[in-house]
Amino acid sequence: MQTPQNNLIPVLIIGTLVVVVLITCLFFFVIIYQRKMIKNQVELRSLHDARQSDLLAAVFETQESERKRLAEDLHDSVGQVLSAIKLNLHRLDKNCMSEATQPLLADTRKLTDECIQEIRNIIHNVLPPVLTDYGLLVAVEALSNKVEQTTHIKVKFSKNMPDQRFAQEIELTLYRIAQELFGNAIKHSDATVIYLSINKEGNYMVMEFKDNGVGFNLGGVKQGFGIKNLESRVQLINGDINIYSKPLNGTLTTIKLKIA
């Protein structure tokens, strides 16, 4: 004859197994739910990054379109007007024999020539023909020479890769970055020497910009617009940027981009 205690044993065993099964199912449900949530977050983040990249691309494309329009307007309107003024001054110089007006005409012609040259410089900075015609390496070398000629800074440019063309967005983006880095160094660094190199390292292109200026506290300007702008440009071409600087130790900026 079975005792009541013996009758309870199968019930307890079955009950325990049911509880274990429920706990196991609950455990797997939580894991699956968490994985699904993580997957959704990753997808949302990827979508956000994609939209952000599209937005950045649209912004920079608009900027380049405006630069091109500005360069064309300067060339077609202001440049032609200045050329006409220069021609009229040359005619006045021939027809005017007054000694009193000769110095004034000469000074006006000189100012007109300087203005025309400045307009050309602006056009070349906004829409550099050397970049379109010859590519990134030649354009950056020309930019380095120009900075050295027009400032007190010695620029040492070097390259360790064959002259070749890259996608238009890569060439234009890296050229704009070089312009911005030169501009920052000229305005803020008090540097006397700038080293700019473009090298090929395996399947990567590495552009390194270094100056011997006063440097700055990177933590204090990490959220600055200038650095954010550089980071956004590099992000647009799927590259990596690293900026290192300390007060009185200059600044080093390295950009790495996969090209093959």
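These numbers come from the heavy atoms of this one structure, side chains and all, not from hydrogens, waters or symmetry mates. From a predicted model like this one, the values you see are computed outputs, not experimental measurements.
- Hydrophobic clustering, with ILVMFWY side chains joined whenever heavy atoms are under 4.5 angstrom apart, keeps F157 apart from V130.
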Distance-only criterion, 3.5 Å: show the donor-acceptor pairs between side-chain atoms of residues 198-209 and protein atoms not counting sequence neighbours.
| unit_1 | atom_1 | unit_2 | atom_2 | d |
| --- | --- | --- | --- | --- |
| N199 | OD1 | N160 | N | 3.2 |

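- Under the 4.5 Å side-chain criterion, counting only non-hydrogen atoms from C-beta, E169 is not in contact with L236.
- You'll find the side chain of T254 stays beyond 4.5 Å of the side chain of I241, heavy atoms only.
- D190 meets the salt bridge (Lys or Arg N to Asp or Glu O under 4.0 Å) test with no other residue; sequence neighbours excluded.
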Checklist entry - Does the pair K156 and K154 meet the rule for a side chain to side chain contact (heavy atoms under 4.5 Å, CB included), with working shown? => result CA-CA 7 Å; K156 297 185 178 181; K154 176 73 175 177; 4.3 Å; yes

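- V155 has its side chain within reach of F182: a pair of non-hydrogen atoms, C-beta onward, lies under 4.5 Å apart.
- E180 is listed as a side-chain neighbour of N229, based on a closest heavy-atom distance under 4.5 Å.
- The number of heavy atoms from other shown groups lying within 6.0 Å of CD (Q168) does not exceed 12.
- When each of L230, L174, N242 is paired with I255, the side-chain contact (heavy atoms from CB on, under 4.5 Å) condition holds for L174 and for no other.
- Note on Y134 and V147: separate hydrophobic clusters, where clusters join Ile, Leu, Val, Met, Phe, Trp and Tyr whose side-chain heavy atoms are under 4.5 Å apart, directly or indirectly.
- Under the side-chain contact (heavy atoms from CB on, under 4.5 Å) criterion, N145 pairs with E141, Q149, sequence neighbours left out.
- Residues meeting the side-chain contact (heavy atoms from CB on, under 4.5 Å) test with T251, sequence neighbours left out: D211, F216, I243, S245, T253.
- With sequence neighbours left out, the side-chain contact (heavy atoms from CB on, under 4.5 Å) criterion links E171 to L131, L136, R165, F166.
- In the hydrophobic cluster analysis, where Ile, Leu, Val, Met, Phe, Trp and Tyr join through side-chain heavy atoms closer than 4.5 angstrom, L137 is grouped together with I259.
- One hydrophobic cluster holds both Y175 and M161 under the rule that ILVMFWY side chains link at heavy-atom gaps under 4.5 Å.
- Here the side chains of I237 and L257 are in contact, with some heavy-atom distance below 4.5 Å.
- Listed by chain and number, the residues in a side-chain contact (heavy atoms from CB on, under 4.5 Å) with T192 are N212 (sequence neighbours excluded).
- A single hydrophobic cluster is not seen to contain both V234 and L252; linkage of ILVMFWY side chains at heavy-atom distances under 4.5 Å, directly or through other members, places them apart.
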